[in-house]
Amino acid sequence: MFRTHLCGKISEKNLDTEVTLSGWVHRRRDHGGLTFVDLRDREGIIQIVFNPQLSESVHQQAHALRSEYVIQVTGKVARRPKETENLNIPTGKVEVLAEALTILNRAKTPPFLIEDEEDISDALRLQYRYLDLRRPAVQQIFIRRHKLSQAIRQFLNDHQFLELETPSLTKSTPEGARDFLVPSRLNPGNFYALPQSPQLFKQILMVSGFDRYYQIVRCFRDEDLRADRQPEFTQIDLEMSFIEMDDILSLMEEMILRVFSEVCDRKLPSPFPRMTYAEAVSRFGTDKPDTRFGLELVDLSELASRCDFKVFRSIVSKGGVVNGLNAKNLARLSRKEIENLTNEAIQRGAKGLAWMKVTEDGLEAPITKFFSAAQLNEIKTTLEGEPGDLLLFVADKTQVVHDVLGTLRLSLAKKLNLIDEKVFNPLWVTDFPLFEYDAAAKRYTAIHHPFTSPMDEDLPFLKSEPLKVRAKAYDLVVNGVELGGGSIRIHQEEIQSQVFSLLGIAKEEAAEKFGFLLEALQYGAPPHGGMAFGFDRMVALLSGVESIREVIPFPKTQKGICLMTSAPSDVDARQLKELHIKKERIL
RNA sequence: GGGGUCGUAGUUCAGUUGGUUAGAACGCCGGCCUGUCACGCCGGAGGUCGCGAGUUCGACUCUCGUCGGCCCCGCCA
């Protein structure tokens, strides 16, 4: 038997009992006469004392111990002498007096210390991920990840959802992200695709009558990586029949409330506020607003159209907009610092950044001369300017203005320390447009996906003004992070055909690409809808880390490489031959 | 595909205007030490300055290229 207890679980309850522990040597403090070893396992750390008075030979053995050796120790649990208690660790009131020691395995000196605070480069951590994962703080993240998935499963099980599996080797579809392809040996020249999500399958499961489905499932997208994007990631995927939007929003809200409270003891405001897409974009410049702070965008187009500042006036007359943002207390910024803000704006696509400082005497800036006293006062009032504030303005096409000020808003909030890291601000964003217009391709594209149902009252606009049609789609945004999204699906073939034709997908093409779904919808599809959450993002949010790499056991670098295994790699010529694949360098 | 940033001992980092022997801390190795817990003290080893080319009498330092990590744009529910 390797052990009777876990290191971190030893307490005063075990006093005077003999225990056997197995674990890693966290640290050794060799005093010559007396040697202390901190023994670590998943549950924590316990101090082992090697005393020559207890056993000369075991004390001698302990001299050979080194960091990360795997050992087994047997001894009595004893209360520590009063003045030597260590209240920094949970087991700090007791220690184990070693009577026997077995070195189960030696260890090379690790490339970095197995310590929570160690500041190690990402590259090294990922190369030696197994050592990185040994760090207690890192393990906590994965324990939390486990608890979260269990809590979600339990909630969904309690609500009559069935966990059903969908294929990982499936069919490539044209919409959305780039597919990862898998060559088929049995079908020369043909490829499977790894699923971007189980979207089509879960709808078909509804047609089959399973009523409620869920899966915590791996998804794949072959796009460039970001801090919050990995080529393979995990979704909480679910779908329900005979429900409307409000049914699903309230159930999902209940789920989030419950699991956040169970896993991290976090209480969220309830009910979650709701905001339309239009409102989110006009107030925050984005469809995933961080509502933990103000700095909202204010539309000044009307005022701009009647001022003497040519830049503003001409942009408005050409159909653009002018928005302002009050950067509280930033009038102290130097010209250089304002220039930095301007550069940030320009990087985001603005032509420039106009500004005014609010002083006791009113607004001050080179451009104030283009405005009447009344107009200046109006600007100040509208933006709620108080002395010491800096007012920023961007004039451009609507999307550019929103994009620039939305980004600036976030970076200013960081700069001004306006974000309370302890707060979770959930928000439902609803009433998304169904389509957007792709000017380059001269066609409409689906904002969510092509199976999203239009709102009933907007159906008349499908033919006349497609951009006016709103979707039965919804996103859950927390602190500016899009945690999940979903929609009520189209279950009627006629509407689906109309949408396809607007998307420029010909009947034959639609039939070829996802004919199986279209056909299924004709055999009595129930009204249905669903949602998918980014599970990695959820764990990251609950763990307070920026990158989802931190919450994925074996993540890939920005170039899509696994530094531990060196995947992807070259393969044997024979393997390629079997797959009917020939490599050719395309220059 | 593009922009930014970083790369020096096992690790984290410093390194002056381009100057001769590249430093610190931690870690590692050896010794001493019976109440430490980031133990302490003494001593020691450890470097292709990411790689390649160029400029120069001389390059860690300047230039160009290249490789890799990270952040972002494009791309992406």
Side-chain angles (χ1 to χ4, degrees), chain A residues 26-40 45-54 59 63 66-68 78 80-89 91-92 95 97 108-128 131 175-179 196-197 199 219-231 233 235 237 287-288 343-344 346-349 403 407 410-411 429 432 440 445-449 452 473-477 481-487 531-534 537 546-547 549 555-559 561 563 566:
Chain A
H26 187 65
R27 212 182 290 281
R28 181 185 63 127
R29 292 177 294 280
D30 188 345
H31 288 229
L34 203 58
T35 297
F36 300 96
V37 165
D38 293 337
L39 191 63
R40 187 191 69 235
I45 287 174
I46 178 86
Q47 173 164 281
I48 314 291
V49 186
F50 293 92
N51 191 330
Q53 283 168 2
L54 196 62
H59 175 257
H63 192 67
R66 294 293 181 273
S67 286
E68 300 310 311
R80 290 196 190 190
K82 201 82 198 152
E83 62 283 5
T84 68
E85 287 180 353
N86 181 358
L87 299 179
N88 296 320
I89 58 173
T91 61
E95 58 193 7
L97 309 177
K108 285 169 72 174
T109 301
F112 50 83
L113 262 70
I114 311 302
E115 273 287 325
D116 284 347
E117 311 80 33
E118 280 305 287
D119 182 20
I120 318 150
S121 75
D122 286 30
L124 199 70
R125 289 179 59 192
L126 292 183
Q127 186 188 343
Y128 296 96
L131 297 179
E175 294 285 320
R178 193 177 295 113
D179 284 323
Q196 296 180 23
S197 81
Q199 182 60 40
C219 301
F220 305 86
R221 288 172 195 164
D222 187 9
E223 297 294 347
D224 286 9
L225 285 73
R226 289 284 189 282
D228 62 350
R229 267 160 44 188
Q230 282 273 305
F233 59 99
Q235 271 190 357
D237 190 53
D287 60 359
K288 43 174 183 167
N343 287 337
E344 214 173 304
I346 287 169
Q347 259 176 8
R348 263 286 170 172
D403 207 32
T407 308
L410 289 176
S411 71
V429 180
F432 284 82
T445 56
I447 285 188
H448 190 61
H449 59 57
T452 304
Y474 34 85
D475 276 1
L476 178 64
V477 176
V481 175
E482 185 202 316
L483 264 201
S487 62
M531 185 149 185
F533 293 91
R537 286 182 186 177
E546 293 291 327
S547 169
R549 277 190 310 275
K556 294 179 175 57
T557 68
Q558 195 156 48
K559 283 230 164 76
I561 290 167
L563 290 178
S566 306

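Throughout, protein chains are lettered first and strands after them, A, B, ... in sequence-line order, and every chain is numbered starting at 1.
- The side chain of A/Glu223 sits closest to B/C76 out of B/U12, B/G35, B/C76.
- Taking 4.0 angstrom as the limit, A/Arg125 places none of its side-chain polar atoms (N or O) nearer than this to OP1 or OP2 of B/U12.
- Between A/Arg80 and B/U36, a side-chain N or O to OP1/OP2 separation shorter than 4.0 Å is absent.
- Distances were taken from every side-chain heavy atom of A/Arg29 (C-beta onward) to each of B/G31, B/C75, B/U36; the shortest belongs to B/U36.
- When each of A/Gln196, A/Arg178, A/Arg229 is checked for a side chain to side chain contact (heavy atoms under 4.5 Å, CB included) with A/Arg221, only A/Gln196 meets the rule.
- Annotation: B/U20 and B/C64 have their P atoms spaced 25 Å apart (nearest Å).
- No engagement by A/Asp222 is indicated, since no non-hydrogen atom pair under 4.0 Å with the nucleic acid exists.
- Classification of A/Glu68 and A/Arg40 as a salt-bridged pair holds, one side-chain N sitting under 4.0 Å from a carboxylate O.
- Heavy atoms of A/Glu546 sit nowhere under 4.0 angstrom from any nucleic acid atom.
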For this session: Classify every nucleotide of nucleotides 2-9 of chain B by which part a protein heavy atom approaches to under 4.0 Å, writing B for the base, S for the sugar-phosphate alone and - for neither, in 5'-to-3' order.
Result: --------
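- Considering only side-chain atoms of A/Arg229, the nucleotide from B/A77, B/G74, B/G35 that sits closest is B/G74.
- When distances are taken from the side chain of A/Pro52 to each of B/U34, B/C33, B/C76, the shortest belongs to B/U34.
- Residues A/Gly486 and A/Asp475 share a closest heavy-atom pair of N-OD1, 4.4 Å.
- Closest heavy-atom contact between A/Val429 and A/Asp287: CG2-O, 3.6 Å.
- The CG atom of A/Leu39 sits 8.5 Å away from atom CD1 of A/Ile46, with the distance rounded to the nearest 0.5 Å.
- Formation of a donor-acceptor pair under 3.5 Å by the A/Gln47 side chain with backbone atoms of A/Gly92 is not found in this model.
- Atoms CG (A/Leu113) and P (B/A38) sit 13 Å apart, rounded to a whole Å.
- In this structure, NZ of A/Lys288 is placed 10 Å from C1' of B/A77, rounded to the nearest angstrom.
- Considering only the side chain of A/Asp224, B/G1 comes nearest among B/G27, B/G1, B/A77.
- For the pairing with A/Phe233, the side chain to side chain contact (heavy atoms under 4.5 Å, CB included) check across A/Pro555, A/Ser197, A/Cys219 returns one residue only, A/Cys219.
- Put simply, CD1 on A/Ile48 is 19 Å from P on B/G35, counting in whole angstrom units.
- Stacking of A/His31 onto the six-membered ring of B/C39 is present: less than 5.5 angstrom between centres, less than 30° between planes.
- In this structure, of B/U11, B/A77, B/U36, it is B/U36 that holds the atom nearest to the side chain of A/Glu95.
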Under 3.5 Å, N/O pairs linking protein and nucleotides 66-69 of chain B:
residue : atom : partner  : partner atom : Å
B/G69   : OP1  : A/Thr557 : OG1          : 2.7

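- Counting heavy atoms from C-beta outward, A/Arg27 and A/Ser67 have side chains that stay 4.5 Å or more apart.
- Residue A/Lys288 qualifies as open at atom NZ: its count of foreign heavy atoms under 6.0 Å is 12 or below.
- Regarding contacts with the backbone of B/C73, a side-chain N or O of A/Arg348 is found under 4.0 angstrom from either OP1 or OP2.
- Here the nucleotide nearest the side chain of A/Asn86, chosen from B/A77, B/C37, B/G31, is B/C37.
- With both ends at atom C1', the span from B/U8 to B/G4 equals 22 Å, rounded to whole Å.
- Side-chain proximity of A/Pro111 to the nucleotides B/G10, B/G35, B/A77 is greatest for B/G10.
- Distance noted for atom C1' between B/A9 and B/A45: 11 Å (whole Å).
- Of the candidate nucleotides B/U34, B/A77, B/C29, B/A77 has the atom lying nearest to any side-chain atom of A/Asp287.
- When the P atom of B/U34 is taken as reference, atom CG of A/Leu54 falls 17 Å away, rounded to whole Å.
- Remark: the separation of the C1' atoms in B/A53 and B/G46 is 30 Å, to the nearest Å.
- Counting any heavy atom pair closer than 4.0 Å across all strands shown, A/Ile45 reaches no nucleic acid atom.
- A/Ala227 comes within contact range of the sugar-phosphate backbone alone, with a heavy-atom separation under 4.0 Å but no base atom that close.
- When each of A/Lys556 and A/Arg28 is assigned the nucleotide of RNA chain B with its nearest heavy atom, A/Arg28 is the one assigned upstream, toward the 5' end.
- Distance check on atom C1': B/A22 versus B/G47 gives 8 Å, rounded to whole Å.
- Spacing between B/C76 and B/C13 at atom P, rounded to whole Å, works out to 35 Å.
- For the OP1/OP2 pair of B/C75 and a distance below 4.0 Å, the side-chain nitrogens and oxygens of A/Arg226 include no atom meeting the criterion.
- In a base pair of the Watson-Crick type (N1 to N3 plus N6-O4 or O6-N4) or a G-U wobble (N1-O2 and O6-N3), with each distance short of 3.5 Å, B/A59 is matched with no nucleotide.
- Between A/Phe36 and A/His31, the distance separating the two ring centers is shorter than 6.0 angstrom.
- Rounded to whole Å, the separation between the C1' atoms of B/U12 and B/A38 comes to 15 Å.
- A donor-acceptor pair is defined here as one N or O able to donate and one able to accept, closer than 3.5 Å; such a pair exists between the side chain of A/Arg537 and the backbone of A/Glu482.
- B/U11 and B/C49 have their P atoms separated by 15 Å, with the value rounded to a whole Å.
- Counting to the nearest Å, the C1' atom of B/C37 and the CG atom of A/Asn88 are 9 Å from each other.
- Residue A/Glu482 is classed as a base contact, given a heavy-atom separation below 4.0 Å to a base.
- Using a 4.0 Å cut-off, some side-chain N or O of A/Arg27 falls inside it from OP1 or OP2 of B/C39.
- Remark: B/G7 base-pairs with B/C67; criterion is Watson-Crick or G-U wobble with both hydrogen-bond distances under 3.5 Å.
- A salt bridge does not link A/Arg80 with A/Glu85: none of the charged nitrogens is closer than 4.0 Å to a carboxylate oxygen.
- Contact annotation for A/His448: base contact, defined as any heavy-atom pair under 4.0 Å involving a base atom.
- What separates CZ of A/Phe36 from P of B/G40 is a distance of 14 Å, to the nearest Å.
- Protein atom CG of A/Asp179 is 14 Å distant from nucleotide atom C1' of B/A77, rounded to whole Å.
- Of all nucleotides present, none satisfies the Watson-Crick or G-U wobble test against B/C49 with each distance under 3.5 Å.
- Considering only side-chain atoms of A/Asp119, the nucleotide from B/U12, B/C29, B/A77 that sits closest is B/U12.
- In terms of position along RNA chain B, the nucleotide closest to A/Asp228 lies nearer the 5' end than the nucleotide closest to the other residue of the pair A/Asp228 and A/Gln196.
- Rounded to an integer number of Å, the gap from A/His449 NE2 to B/C76 P is 16 Å.
- A donor-acceptor contact shorter than 3.5 Å is absent between the side chain of A/His448 and the backbone of A/Tyr474.
- Using a 4.0 Å heavy-atom distance criterion, A/Gly176 is classed as a sugar-phosphate-only contact.
- When only modelled atom types and interatomic distance are considered, A/His63 and A/Asp30 share a side-chain donor-acceptor pair under 3.5 Å.
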